[in-house]
There are 2 protein chains.
Amino acid sequence: MAQTLFQKLYSHPLMTPQDLDEIASLHQRMVLSKNDMLLQEGKTANAYYLVEKGLIRFFVHDLDGNEITTQFICENEIANEVSSLFQRLPSVQNIQSVTDAVVWKIEFNDFQHLYHSMESIREWGREWMSRQLFQTQQRSIEMITHSASMRYLQLIEHRPQIVQQAPLKQIASYLGIADTSLSRIRKEMITN
Amino acid sequence: MAQTLFQKLYSHPLMTPQDLDEIASLHQRMVLSKNDMLLQEGKTANAYYLVEKGLIRFFVHDLDGNEITTQFICENEIANEVSSLFQRLPSVQNIQSVTDAVVWKIEFNDFQHLYHSMESIREWGREWMSRQLFQTQQRSIEMITHSASMRYLQLIEHRPQIVQQAPLKQIASYLGIADTSLSRIRKEMITN
DNA sequence: AGCATTTCTTGACATAGGTTAAGTATCCTT
DNA sequence: AAGGATACTTAACCTATGTCAAGAAATGCT
């Protein structure tokens, strides 16, 4: 049931059941097919999404036009292109469903109203962004300190949904390696 | 004069001169010597710092105990270990002056009061965090898509203060390469 | 000023991961 | 079910960067 999704994702010490109801009432359920686009580069984000079911990814294009997957959003996580949504700027990122999916959408204007009228969601929002920043920094650090195969092993361990549902090419670009290299790493993991 | 520092760093459409005065009055000037620690890993951050003069860095320790510089904070930028300060958690990062420096400190409690009483700083804060997130993501992407020498060239071009003031070893770990490799890259840049 | 420490450079060698290209398997579409 | 596109694997070869070790240069300390 979706109620538990909101409870899980909007959890914060200051959050009351009434706050949660008000927040939830502003979300709208959406059913996505595989490869549906939720945001395209060049456009300004107008909403963010709670992922109930399925897998979502963020990607950018590099100088040669190749897609680089920059984030995977799993079930019970939030897909939000913060710098476009909150700075009202055109996005460099794309957001796309990797699988069929069910998400709950909230519009910028509705969130904005909550943010300035409800202390709990303000604190929640700042904490959520802090966690995002932390995770993004951790990922940078791991790109520096861990080998490609270590990074793949960590992914298997900590975010198995990705390994199970995303195509190899997307996982490879997310790990910062060529797809042939990931294929080789998989092979070596089996034989050794 | 420090007034321009606050104007520059706290700029936002909603920010009034009175807001700015109130904010500025809560900052305290600090003079730092080279290598002073502003935050140590394991402790919880209780303030953030506007950098007026000098260079600051963030670093973590990897599994072998080596220091990895994760961020440089130049003049007219803000040194804030967000995930410790706003989640009230022990920091994994250290903050240290690279050179002698002058910074303006604001305590968490004072900021917290502003954040819940002043719309402009709320909006400013969210935008600042959005920009941080964007920059951190861009850095991740560049670690994937650019070679080490490209990353070094970009650093020279976009953040010359770092190249001029930080020791090679810190720059190398920031770029994700061995210090001997950076030395070689420098040499090749001169001869070619 | 002189010694110790740290920082930086250089070179020989090793290796993870990139590139290219070909083959196989899987998935869609009609 | 057939045909074409896409996804994945494999292999040969290449290159950027890592590792280690030694020396030179710069810096800091007493």
Side-chain angles (χ1 to χ4, degrees), chain A residues 33-36 55 57 59 62-69 72 96-100 140-156 162-192, chain B residues 32-36 54-55 57 59 62-69 72 96-100 140-156 162-192:
Chain A
S33 305
K34 184 174 170 174
N35 296 331
D36 279 356
L55 182 64
R57 71 173 181 134
F59 68 94
D62 72 8
L63 302 169
D64 307 327
N66 306 306
E67 293 180 359
I68 313 280
T69 297
F72 284 107
Q96 184 185 38
S97 57
V98 175
T99 62
D100 293 349
S140 274
I141 294 169
E142 282 180 11
M143 296 295 296
I144 292 177
T145 57
H146 293 11
S147 66
S149 35
M150 261 305 272
R151 300 198 301 270
Y152 184 56
L153 279 170
Q154 298 275 351
L155 197 67
I156 292 172
I162 296 171
V163 179
Q164 283 154 18
Q165 301 187 348
L168 173 136
K169 195 166 39 162
Q170 292 176 12
I171 298 173
S173 76
Y174 178 73
L175 293 175
I177 58 180
D179 48 2
T180 53
S181 297
L182 179 52
S183 198
R184 169 168 44 201
I185 285 168
R186 279 185 172 172
K187 186 186 174 189
E188 283 162 4
M189 282 180 44
I190 295 165
T191 51
N192 300 333
Chain B
L32 305 178
S33 304
K34 184 174 171 175
N35 296 332
D36 280 356
L55 183 64
R57 70 171 181 135
F59 69 93
D62 72 8
L63 302 170
D64 307 327
N66 306 306
E67 292 181 1
I68 312 282
T69 297
F72 285 107
Q96 184 185 36
S97 56
V98 176
T99 62
D100 294 348
S140 275
I141 294 170
E142 283 181 10
M143 296 295 297
I144 292 177
T145 58
H146 293 11
S147 67
S149 35
M150 262 305 273
R151 300 199 301 270
Y152 183 56
L153 280 170
Q154 299 274 353
L155 197 67
I156 292 172
I162 295 170
V163 180
Q164 284 154 18
Q165 301 186 348
L168 173 138
K169 195 168 37 165
Q170 291 176 15
I171 298 174
S173 76
Y174 178 72
L175 294 175
I177 59 181
D179 47 3
T180 54
S181 297
L182 179 52
S183 197
R184 169 168 45 201
I185 286 168
R186 280 184 171 171
K187 185 186 174 189
E188 282 161 5
M189 284 181 42
I190 294 165
T191 52
N192 300 332

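For A/Asn66, the side-chain hydrogen bond (donor to acceptor under 3.5 Å, both in side chains) partners two or more places apart in sequence, or in a different chain, are A/Asp62. Looking at residues two or more places apart in sequence or on another chain, you find a side-chain contact (heavy atoms from CB on, under 4.5 Å) between A/Ser183 and A/Leu168. Under the ring pair (Phe, Tyr, Trp, His ring centres under 6.0 Å) criterion, B/Phe59 pairs with B/His61, sequence neighbours left out. Annotation: side-chain hydrogen bond (donor to acceptor under 3.5 Å, both in side chains) contacts of A/Ser140 (sequence neighbours excluded): B/Ser140. Residues passing the salt bridge (Lys or Arg N to Asp or Glu O under 4.0 Å) test with B/Glu67 are B/Arg57, sequence neighbours excluded.
Looking at every heavy atom in both residues, B/Gly54 comes nearest to B/Thr99 through CA-OG1, 3.3 Å. Minimum heavy-atom separation, A/Ile171 to A/Val163: CD1-CA, 3.9 Å.
A/Asp64 has its CG atom 13 Å from the C1' atom of C/dG18, to the nearest Å.
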Distances for protein N or O near nucleotides 7-16 of chain C N or O, under 3.5 Å:
from: C/dT7; atom 1: OP2; to: B/Lys169; atom 2: NZ; distance (Å): 3.3
from: C/dC8; atom 1: OP1; to: B/Leu168; atom 2: N; distance (Å): 3.2
from: C/dC8; atom 1: OP2; to: B/Leu168; atom 2: N; distance (Å): 2.8
from: C/dC8; atom 1: OP2; to: B/Lys169; atom 2: N; distance (Å): 3.4
from: C/dT9; atom 1: OP2; to: B/Ser183; atom 2: OG; distance (Å): 2.8
from: C/dT9; atom 1: O5'; to: B/Ser183; atom 2: OG; distance (Å): 3.1
from: C/dG11; atom 1: OP2; to: B/Lys187; atom 2: NZ; distance (Å): 2.8

With 3.5 Å as the limit, what N/O pairs link the protein to nucleotides 25-30 of chain C?
from: C/dC28; atom 1: OP1; to: A/Lys34; atom 2: NZ; distance (Å): 3.3

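Of the inter-residue distances, the one linking A/Leu153 atom CG with A/Met189 atom CE reads 4.5 Å to the nearest 0.5 angstrom. Remark: A/Asn35 CG to A/Asp100 CG distance equals 9.0 Å, nearest 0.5 Å. Here the CD1-CD1 distance, from A/Ile68 to B/Ile141, works out to 8.0 Å after rounding to the nearest 0.5 Å.
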Do any side-chain atoms of residues 172-179 of chain B form donor-acceptor pairs under 3.5 angstrom with protein atoms, and if so which ones, sequence neighbours left out?
from: B/Ser173; atom 1: OG; to: B/Thr69; atom 2: N; distance (Å): 2.9
from: B/Ser173; atom 1: OG; to: B/Gln170; atom 2: O; distance (Å): 3.2

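One axis for each end of the helix from C/dA1-D/dT30 to C/dT30-D/dA1, each built from five base pairs, and the angle between them comes to 60° at 10° resolution.
Nucleotides of DNA chain D with any atom under 4.0 Å from a heavy atom of chain A span, from 5' to 3', D/dA7 to D/dA11.
Here the side chain of A/Ser33 pairs no donor or acceptor atom with the backbone of A/Asp36 at under 3.5 angstrom.
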